[in-house]
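Inspection log for the structure reproduced underneath, given as structure tokens.
Chain A is the first sequence line, chain B the second, and so forth, proteins listed ahead of strands; every chain is numbered from 1. Predicted model only: the values in this text are computed from it and were never measured.
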Amino acid sequence: MTEDTIIELKGLTKKFGKSLVLDHINAKINRSEVVTLIGPSGTGKSTLIRDLNMLDTPTSGSVLFEGQDLTTLKDKELDAVRRKMGMVFQSFNLFPHLNVERNITLAPVKLGLIPASQARAKAQELLEKVGLTEKIDAFPNSLSGGQAQRVAIARALAMNPDVMLFDEPTSALDPEMVGEVLKVMQDLAAEGMTMVVVTHEMGFAKKVADRVWFLDQGKIAEDAKPDEFFSHPQNPRAQEFLSKLLEVNN
Amino acid sequence: MNFLSNTLAWRFRDEILSGLEVTLVISIASVIIGSILGLIIALMHMSHHKTIRAVAGTYVEILRGTPMIVQLEFVYFSLPLILGAILSVTGIHIQPNIATIPAGIIAVSINSSAYVSEAIRGGFNSVNIGQTEAARSLGLSQRTTMRFVVIPQALKNIWPALGNEFVALIKESSIVLIIGAPDIMYQINNMRATTFNGVTPLIIAAAIYFILTFSLSRIMKHFERKMKHD
Ligand SMILES: Nc1ncnc2c1ncn2[C@@H]1O[C@H](COP(=O)(O)OP(=O)(O)OP(=O)(O)O)[C@@H](O)[C@H]1O
Ligand SMILES: [Mg+2]
């Protein structure tokens with residue numbers, strides 16, 4: 001393991017019953033790298049990203065995070081690791097009974113990262129980052145999709161994570177709100193955040209990603225720099241996938 | 001008519017009050033016992049163990065699938081007989097008995113526990129799994145997630161269902177009169193028989209039950225609104 005590897009997958013395998021979703025995946029992600037995970041629906045992109053923080057338990061193989069094999073950890077030990085891996089979901093999953101401030105500060109306050117007296121200031125600081133300071137007292141049901149997702153990003157950042165995981169963060173958004181969320185993600189990447197992003201936003205992948213993983217039949221069928229991947233995809237199924245996307249977009 | 005009902009109510013005030021007391025005792029005890037039992041059954045129903053889940057499921061199905069009157073008569077008539085038979089096998093020859101009010105409390109509590117457990121389970125199931133995942137992904141423990149994320153949301157859904165169940169319980173507790181527990185309905189029926197008045201006593205009964213259920217649902221709504229503001 002080199003100095004700057006932050007996540008390493010070794011023989012990562014996941015079966016749901018008889019169906020093999022992830023098939024002995026080996027891969028590494030370096031610190032400050034942005035990896036986008038793309039592939040047809042149902043190929044296991046969500047499963048793979050959820051295996052990184054053990055929201056889903058792999059069937060076999062290991063997931064090394066900062067050198068520690070997460071598959072050997074107990075539930076309690078995982079809590080400490082999950083703090084360092086922020087996750088953003090397609091459906092936001094904001095806590096509807098808490099206002100924006102409490103959504104952001106619930107975890108850091110409960111886990112003793114910041115004292116309750118500084119919670120509001122911390123929330124304010126993070127909301128500034130996502131451009132939503134005026135929403136600090138709002139409840140989630142009063143936010144637009146784009147705002148909700150930006151709050152969800154702020155909530156994840158409140159734990160000062162080393163890695164951010166995004167599972168189709170813009171797929172549930174109206175088209176006009178996609179940009180504001182991608183912008184926040186782009187800023188994060190520019191600050192050097194390590195990111196794993198499942199997305200169908202090829203523009204984002206081209207512009208922001210360091211690498212593209214094309215997932216197919218349980219394997220990372222192609223692992224390439226974005227410009228290589230989009231101009232000369234090697235894998236035939238990746239070629240097919242990209243040409244279909246082009247058809248849809250034209 | 002108004003004058004008559006007043007005097008009739010006044011003349012039977014002691015009977016009515018003692019009936020009210022019995023109804024309140026049975027209802028309050030059953031709400032408490034039924035809720036505790038219902039919570040236990042709900043937790044069993046949500047357990048990881050298949051057998052425990054199956055036991056809870058069967059319990060709920062049987063109680064919801066049989067008439068309350070059968071359950072009540074079973075507790076009052078059959079349970080002492082079964083207990084006596086078991087005791088006689090162990091060499092003790094006494095015939096246990098159960099008083100009407102405790103029998104009523106047991107039957108109504110057990111019946112209510114099935115509905116309470118379904119209300120609780122429904123409340124928890126209505127909280128999206130994504131809520132738990134979001135909380136856990138932040139590093140919150142199972143316990144903290146339950147306490148600060150899942151339970152507050154579940155409670156908002158459980159509370160109204162629980163209110164409905166308690167209102168139903170008060171009304172349905174009137175069934176205890178068939179084993180002779182001297183509740184409101186029992187007293188009202190006596191009143192009807194002794195006075196040969198087929199109207200007024202029942203209006204009095206309806207009014208008392210209505211006041212009880214209406215006050216209860218107001219109280220529940222008050223707390224419901226309070227929860228919404230948090
Ligand atoms: N909890 C589960 N139980 C059984 N099968 C599952 C479960 N979760 C996912 N699967 C299956 O595993 C496969 C991969 O699912 P996954 O959600 O990871 O795909 P995906 O690439 O994220 O798809 P999408 O683009 O639609 O989000 C699918 O066939 C799915 O039906
Ligand atoms: Mg998915």
**OP:** Answer yes or no: does atom CZ of B/R143 have more than 12 heavy-atom neighbours from other residues, nucleotides or ligands under 6.0 Å?
**Re:** no
Subject >> Proximal to chain A - members of residues 69-76 of chain B, heavy-atom separation under 4.5 Å >> reply: none
Original post:
So, for B/I179 and B/G104, which heavy atoms are closest and what is the spacing to 0.1 Å?
Top reply: CD1-N, 4.2 Å
Subject >> From CA spacing to verdict: side chain to side chain donor-acceptor pair (under 3.5 Å), A/E168, A/T199 >> reply: CA-CA 5 Å; A/E168 301 201 32; A/T199 187; over 6 Å; no
Original post:
Do the non-hydrogen side-chain atoms of B/F124 and B/I151 ever get within less than 4.5 Å of each other?
Top reply: yes
Original post:
Do you know which two heavy atoms are closest between B/T66 and B/I62, and how far apart they sit?
Top reply: OG1-O, 2.9 Å
Original post:
When you look at B/R218 and B/E224, which way does the salt bridge (charged side-chain N to carboxylate O under 4.0 Å, His left out) test go after all the steps?
Top reply: CA-CA 10 Å; B/R218 285 283 118 168; B/E224 194 180 324; over 6 Å; no
Original post:
What distance separates A/E134 CD from A/Q147 CD, expressed to the nearest 0.5 Å?
Top reply: 7.0 Å
Subject >> Part of B/T144 within contact of chain A (heavy atom distance under 4.5 Å) >> reply: side chain
Subject >> A/F95, part contacting chain B, at a heavy-atom distance under 4.5 Å >> reply: both
**OP:** Would you check, one step at a time, whether the test salt bridge (charged side-chain N to carboxylate O under 4.0 Å, His left out) holds for B/E118 with B/R121?
**Re:** CA-CA 5 Å; B/E118 287 297 279; B/R121 212 161 62 91; 3.2 Å; yes
Original post:
Which of residues 42-61 of chain A have a heavy atom under 4.5 Å from any heavy atom of chain B?
Top reply: A/R50, A/N53, A/L55
Original post:
B/Y59 and B/S117: side-chain donor and acceptor closer than 3.5 Å?
Top reply: no
Subject >> Inter-residue atom distance B/I175.CD1 - B/N111.CG, 0.5 Å rounding >> reply: 8.5 Å
**OP:** Please say whether the positively charged group of A/K14, taken as NZ for Lys or CZ for Arg, lies over the ring of A/F16, i.e. under 6.0 angstrom from the six-membered ring centre and within 45 degrees of the axis.
**Re:** yes
**OP:** Give me the contact list for residues 111-130 of chain A versus chain B, heavy atoms only, anything under 4.5 Å, ordered by residue number.
**Re:** A/L111
Original post:
Can you tell which of A/M159, A/R102, A/K110 has the highest number of heavy-atom pairs within less than 4.5 Å of chain B?
Top reply: A/K110
Subject >> For A/A154 against A/I104, the heavy-atom pair lying closest together >> reply: CB-CD1, 4.0 Å
**OP:** Would you tell me whether B/S27 and B/S30 have side-chain atoms, one donor and one acceptor, within less than 3.5 Å of each other?
**Re:** no
**OP:** Flag yes if more than 12 heavy atoms outside B/R53 fall under 6.0 Å of its CZ atom; otherwise flag no.
**Re:** yes
Original post:
Roughly how far, to the nearest 0.5 Å, is the OG atom of B/S174 from the CG atom of B/D183?
Top reply: 6.5 Å
Original post:
Among residues 75-88 of chain A, which residues come closer than 4.5 Å to chain B, judged by heavy atom distances?
Top reply: A/D75, A/D79, A/R82, A/R83, A/M85, A/M87
Original post:
Considering residues, nucleotides and ligands other than B/F223, do more than 12 of their heavy atoms fall under 6.0 Å from its CZ?
Top reply: no
Original post:
If you measure only the distance, is there a donor-acceptor pair under 3.5 Å linking the side chains of A/Q149 and A/T170?
Top reply: no
Subject >> Spacing of B/I86 atom CD1 and B/T90 atom OG1 [to the nearest 0.5 Å] >> reply: 9.0 Å
